[in-house]
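Beneath this line is the structure, given in structure tokens, with notes to follow.
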Amino acid sequence: AQSVTQPDIHITVSEGASLELRCNYSYGATPYLFWYVQSPGQGLQLLLKYFSGDTLVQGIKGFEAEFKRSQSSFNLRKPSVHWSDAAEYFCAVGARNAGNNRKLIWGLGTSLAVNP
Amino acid sequence: GAVVSQHPSWVICKSGTSVKIECRSLDFQATTMFWYRQFPKQSLMLMATSNEGSKATYEQGVEKDKFLINHASLTLSTLTVTSAHPEDSSFYICSASWRTNTEAFFGQGTRLTVV
């Protein structure tokens, strides 16, 4: 079955420290992978996506993610975290539903807190 | 990026009444729109997928007669929660995408509270 696992429910880092958020997926075909960020009172914003090609993907706000097929992972990284990065982060994989429409399968999210 | 506007941002309604939520793509034609429900501190649950001019495809366990979805134009989809009950209180989010592109853009969400 298709699924996305984000092992860390909550992570706290200090401002300026590096960050890695883990994401593992289960999908039979070549996946389309996404990372979204959800800030309080705001809509979901796409940080980056992987469709094909270079397995290291650069996104907005200084984030990057690496697709590792052998590990079925798509971990999100940032070298230096800013206080404004505190938010909920969701990993998702693109799939098809019963009507052959594209849909996203979501992880449960990782809540990031940043200490000053 | 493309803009998706969702209205209202929040709504409080009495139990037994119906509530309509609108989702508009402001600067692109959305051939496909998605409706999600998000419970506090949880992930997004896809409720249904709608293609313009077609009936929505509902996910397993989602009541079609309870959550009516209409996608009559390329820029507007609506979700109507019929005969709302307190257990329908939740955060509803729409997203939209266009053909040949698997990226979807999200609305700000609607907080529904049924009292």
Side-chain angles (χ1 to χ4, degrees), chain A residues 1-10 21 23 25 27 29-53 57 59-61 87-113, chain B residues 1-7 9-10 23-26 30-52 54-62 64 69 71 77 91-111:
Chain A
Q2 303 154 353
S3 65
V4 175
T5 303
Q6 292 180 247
D8 305 304
I9 297 174
H10 184 85
L21 302 183
C23 174
Y25 68 90
Y27 188 66
T30 300
Y32 293 158
L33 295 161
F34 305 81
W35 273 100
Y36 284 88
V37 60
Q38 185 180 35
S39 299
Q42 308 221 351
L44 283 148
Q45 183 180 24
L46 179 68
L47 286 175
L48 45 78
K49 61 189 177 186
Y50 170 78
F51 287 173
S52 64
V57 180
I60 62 171
K61 303 184 179 185
E88 191 81 18
Y89 291 81
F90 291 96
C91 179
V93 62
R96 297 238 173 220
N97 66 9
N100 203 35
N101 290 304
R102 292 169 277 108
K103 69 173 185 178
L104 292 175
I105 298 171
W106 297 81
L108 292 179
T110 297
S111 178
L112 174 66
Chain B
V3 179
V4 175
S5 177
Q6 197 171 331
H7 178 81
S9 299
W10 59 271
C23 180
R24 294 181 184 274
S25 57
L26 299 186
T31 54
T32 305
M33 285 190 172
F34 307 85
W35 286 96
Y36 294 88
R37 184 172 179 176
Q38 185 180 29
F39 293 98
K41 302 297 183 182
Q42 294 193 27
S43 187
L44 284 75
M45 182 193 79
L46 179 65
M47 299 174 66
T49 304
S50 72
N51 292 309
E52 184 265 338
S54 302
K55 288 185 178 180
T57 300
Y58 288 80
E59 296 297 304
Q60 194 170 12
V62 178
K64 301 178 183 182
I69 291 172
H71 191 172
S77 176
F91 193 55
Y92 293 88
I93 304 172
C94 75
S95 70
S97 65
W98 61 89
R99 203 184 307 275
T100 73
N101 189 313
T102 58
E103 178 176 348
F105 297 91
F106 287 78
Q108 311 95 307
T110 298
R111 173 74 59 193

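FYI, side chains are in, hydrogens and waters are out, and symmetry mates aren't considered; it's all heavy atoms of this structure. Chain identifiers are assigned alphabetically (A, B, ...) following the order of the sequence lines, protein sequences preceding nucleic acid strands; residue numbering begins at 1 within each chain. Remember, predicted model here, so these are calculated numbers, not experimental data.
- For A:Q38, the part lying under 4.5 angstrom from a heavy atom of chain B is the side chain only.
- With sequence neighbours left out, A:Y50 forms a ring-ring contact (aromatic ring centres under 6.0 Å, His included) with A:F67.
- Here the CD1-OG1 distance, from B:I69 to B:T49, works out to 8.0 Å after rounding to the nearest 0.5 Å.
- For B:R37, there are no salt bridge (Lys or Arg N to Asp or Glu O under 4.0 Å) partners two or more places apart in sequence or in a different chain.
- No other option in B:Q60, B:Q38, B:Q6 has as many heavy-atom pairs under 4.5 Å with chain A as B:Q38.
- Proximity to chain B is limited to the side chain of A:L46, based on heavy atoms less than 4.5 angstrom apart.
- Only the side chain of B:I93 comes within contact range of chain A, with at least one heavy atom under 4.5 Å from a heavy atom of that chain.
- Under the side chain to side chain contact (heavy atoms under 4.5 Å, CB included) rule, B:C94 has a single partner from B:W35, B:F105, B:F34, which is B:W35.
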